[in-house]
Amino acid sequence: MITVIANLKGGSGKSTVAFNLAIWLVKQGRRVVGYDLDPQCTFSDLGMLRDEIGVRPNLEIHSVRAVLRDQLLSHTDCEVLVDVGAANMAAMKEAMTSADRILVPVPPSQADVWATQRFLHIIGPDTEAMKFNGNQHTIAFINRADTNKSIRETHETEEALRTLPGIDMVMPQRLRMRTSFRRSLSEGLAVFEMWPGSKAAGEFGSFAHALYPDIAANQN
Ligand SMILES: Nc1ncnc2c1ncn2[C@@H]1O[C@H](COP(=O)(O)OP(=O)(O)OP(=O)(O)O)[C@@H](O)[C@H]1O
Ligand SMILES: [Mg+2]
């Protein structure tokens, strides 16, 4: 399955999610190929950092400026994860035309809802971006949700996302704001590698299982 992790707004958590998901999938026994289409190269730098420090499993991540549809579709029998950035819109659109699904991380704020709305407008089925394949599922989820339940922004953002045309599903599994995501990333580790029993690891596990339910079924 080809999953593109995308949103227009910088810092929404695309690379963090792509990286953690890649390692999680490999640890579940899946073959994973990553593509990093962002000139910032965060996803591929993280893969290289793991190589340098000798952490296993290592990741296969291609850092490219453009990706051909045929290239993405050629990977059979493995999970393809594509990290993109707004700095390379052409590549972002190209990858999205081939995707089975587009995973959209959204931090809890009104500005992020607006940015997501703009993004959905750009990728809408009537636009050139989707001319090859109108079957993509667009799945949004809250990243950096407030850990304090009394703060309303997370709930309000989720409600707002549900009303946006172009979003097929808002995941109930949120990723909360946890410094462990930032700290593990700087060590080239997934959050569940660095702190296996942490709340962040548990939340990430629920999130990943929801995205890959066949793995969840095998495990339970
Ligand atoms: N749930 C989270 N809790 C805490 N920190 C997070 C979380 N998700 C991401 N971060 C941190 O936020 C920062 C930005 O995340 P990331 O680089 O993944 O965003 P991005 O969408 O890829 O940004 P860009 O558009 O610049 O590529 C990183 O330092 C990352 O570790
Ligand atoms: Mg990034």
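Start at 1 and go down the list; that is how both ligands and their atoms are numbered.
- Checking each of V32, L103, D83 against L21 for a side chain to side chain contact (heavy atoms under 4.5 Å, CB included) leaves exactly one that passes, namely L103.
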Given S63 and D36, is the side chain to side chain donor-acceptor pair (under 3.5 Å) satisfied, shown in steps?
CA-CA 5 Å; S63 176; D36 187 355; 4.9 Å; no

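- With hydrogens left out, the protein atom closest to atom 10 (N) of ligand 1 is R144 NH2, 3.9 Å, a heavy atom.
- Of the candidates R174, R178, R182, it is R178 that places a heavy atom closest to atom 3 (N) of ligand 1.
- Residue T42 does not touch ligand 1, judged by heavy-atom distances below 4.0 Å.
- Where the criterion is an N or O separation shorter than 3.5 Å, residue side chain and backbone included, L185 fails it with respect to ligand 1.
- Checked against side chain to side chain contact (heavy atoms under 4.5 Å, CB included), M194 has the following partners two or more places apart in sequence or in another chain: S184, E187, L189.
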The test is side chain to side chain contact (heavy atoms under 4.5 Å, CB included); show your working for I215 and H209 and say whether it passes.
CA-CA 7 Å; I215 291 182; H209 275 306; 4.1 Å; yes

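- Taking every non-hydrogen atom of D38 and a distance limit under 4.0 Å, the qualifying atoms of ligand 1 come out as 27 (O).
- Note: an N/O pair closer than 3.5 Å links S12 and ligand 1 by distance alone.
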Could you walk me through whether I142 and L161 pass side chain to side chain contact (heavy atoms under 4.5 Å, CB included), step by step?
CA-CA 9 Å; I142 302 284; L161 289 176; 4.0 Å; yes

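- Under a 4.0 Å N-O distance rule, the pair D214/R30 qualifies as a salt bridge.
- Atom 19 (O) of ligand 1 has as its closest protein heavy atom G13 N, 3.1 Å.
- Taking 4.0 Å as the cut-off between side-chain N and carboxylate O, D77 and R31 do not count as a salt-bridged pair.
- Within 6.0 Å of CZ on R162 lie more than 12 heavy atoms contributed by other residues, nucleotides or ligands.
- Closer than 2.8 Å to the Mg ion (ligand 2) sit the protein N, O or S atoms S15 OG.
- Closest to atom 23 (O) of ligand 1, if we only count protein heavy atoms, is G11 N, 2.9 Å.
- Within the structure, every pair that satisfies the ring pair (Phe, Tyr, Trp, His ring centres under 6.0 Å) test and touches residues 58-88, not counting sequence neighbours, is listed here: Y35-H62, Y35-H75.
- The nearest protein atom to atom 6 (C) of ligand 1, hydrogens excluded, is given as F181 CB, 4.0 Å; this is a heavy-atom distance.
- Listed by chain and residue number, T147, R176, S180, F181, K199, A200, E203 satisfy the side chain to side chain contact (heavy atoms under 4.5 Å, CB included) test with R178 (two or more places apart in sequence, or in another chain).
- Short contacts between ligand 1 and Q40, defined as distances under 4.0 Å to a heavy atom of the residue, involve ligand atoms 24 (P), 26 (O), 27 (O).
- Scanning N143, T16, I5, L46 for the heavy atom closest to atom 15 (O) of ligand 1 points to T16.
- Here is the list of ligand 1 atoms found below 4.0 Å of a heavy atom in M177: 3 (N), 4 (C).
- Distance from atom 20 (P) of ligand 1 to its nearest protein heavy atom, with residue and atom name: K14 N, 3.5 Å.
- In this structure, F204 has its ring center under 6.0 Å from that of F192.
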Quick one: do R50 and E193 satisfy salt bridge (Lys or Arg N to Asp or Glu O under 4.0 Å)? Show the steps, please.
CA-CA 12 Å; R50 286 177 79 87; E193 290 179 300; 2.8 Å; yes

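- Looking at R176 against ligand 1, only its backbone comes within 4.0 Å, counting heavy atoms.
- At least one side-chain heavy atom of V17 sits less than 4.5 Å from a side-chain heavy atom of F141.
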